[in-house]
Amino acid sequence: MAKYTLSRSNVALSTSDDTLTVISASNRRFRLVEVIVGGMGTASAANELRVNRSTGGTTGGGALTPVKEIADAPTQAFTNFTTWSAQPSLSGDPLLRLPVNANGGVFRWLARADQNFECRNGEQLSFRSAVGTSNVSLTVVVDEL
């Protein structure tokens with residue numbers, strides 16, 4: 001197992017576009033370990049980042065470089081995108097709802113020992129705003145198995 005951190009700083013949320021999409025490799029799986037979202041605005045505004053399983057998406061664009069928790073860990077097999085030509089379709093109810101106030105509010109979610117939001121065989125997780133379009137910083141930690 002190896003942990004990897006993905007982070008975006010001061011990015012505007014969108015209710016129609018993913019802030020981040022993480023896609024498991026066909027021969028590996030990953031588990032969501034931690035999510036931190038913090039408001040970067042100068043005025044109070046309600047925002048809610050939802051984490052959903054998703055499908056599809058056409059032509060992924062920008063990507064983040066995952067940071068390894070341990071320097072000699074293998075290169076990650078999962079991929080991620082910050083932009084798409086056509087956005088993924090969200091599937092079912094959100095796995096998580098992460099509230100944050102735009103004016104410096106911070107919300108941290110940590111997986112419990114019995115809580116496994118796992119993706120495998122090309123499954124994907126989308127991080128997208130359910131409410132609000134303020135700027136936030138986002139940190140996502142995944143454990144690839």
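Index from 1, following the sequence.
Identified under the ring-ring contact (aromatic ring centres under 6.0 Å, His included) test for residues 112-134, with sequence neighbours left out: Trp109-Phe117. Pairs passing the salt bridge (Lys or Arg N to Asp or Glu O under 4.0 Å) check and including a residue from residues 76-87, sequence neighbours excluded, do not occur. For residues 43-66, the salt bridge (Lys or Arg N to Asp or Glu O under 4.0 Å) pairs, not counting sequence neighbours, are Glu48-Arg97.
When the salt bridge (Lys or Arg N to Asp or Glu O under 4.0 Å) test is applied to Glu34, the partners found at least two apart in sequence or on another chain are Arg108. With sequence neighbours excluded, no residue forms a side-chain hydrogen bond (donor to acceptor under 3.5 Å, both in side chains) with Ser85. For Thr55, the side-chain contact (heavy atoms from CB on, under 4.5 Å) criterion is met by Ser89, Ser91, not counting sequence neighbours. Partners of Tyr4 according to the ring-ring contact (aromatic ring centres under 6.0 Å, His included) rule, which considers only residues two or more places apart in sequence or in another chain, are Phe78. With sequence neighbours excluded, the residues satisfying salt bridge (Lys or Arg N to Asp or Glu O under 4.0 Å) with Arg128 are Asp18. A search for side-chain hydrogen bond (donor to acceptor under 3.5 Å, both in side chains) contacts involving Asn10 returns Asn135, not counting sequence neighbours. Remark: Phe81 engages Trp84 in a ring-ring contact (aromatic ring centres under 6.0 Å, His included) (not counting sequence neighbours).
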Tell me which donor-acceptor pairs under 3.5 Å the side chains of residues 57-72 have, and how far apart each pair is, sequence neighbours excluded?
residue	atom	partner	partner atom	Å
Lys68	NZ	Ala73	O	2.8

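Val51 and Ile23 are members of different hydrophobic clusters when ILVMFWY side chains are connected at heavy-atom separations under 4.5 Å. There is no path of hydrophobic side-chain contacts, each under 4.5 Å, that joins Val22 to Val141.
Applying the 4.5 Å side-chain rule to ILVMFWY residues, one finds Leu145 in the same cluster as Met1.
No donor-acceptor contact under 3.5 angstrom links the side chains of Thr139 and Ser7, judged on distance only.
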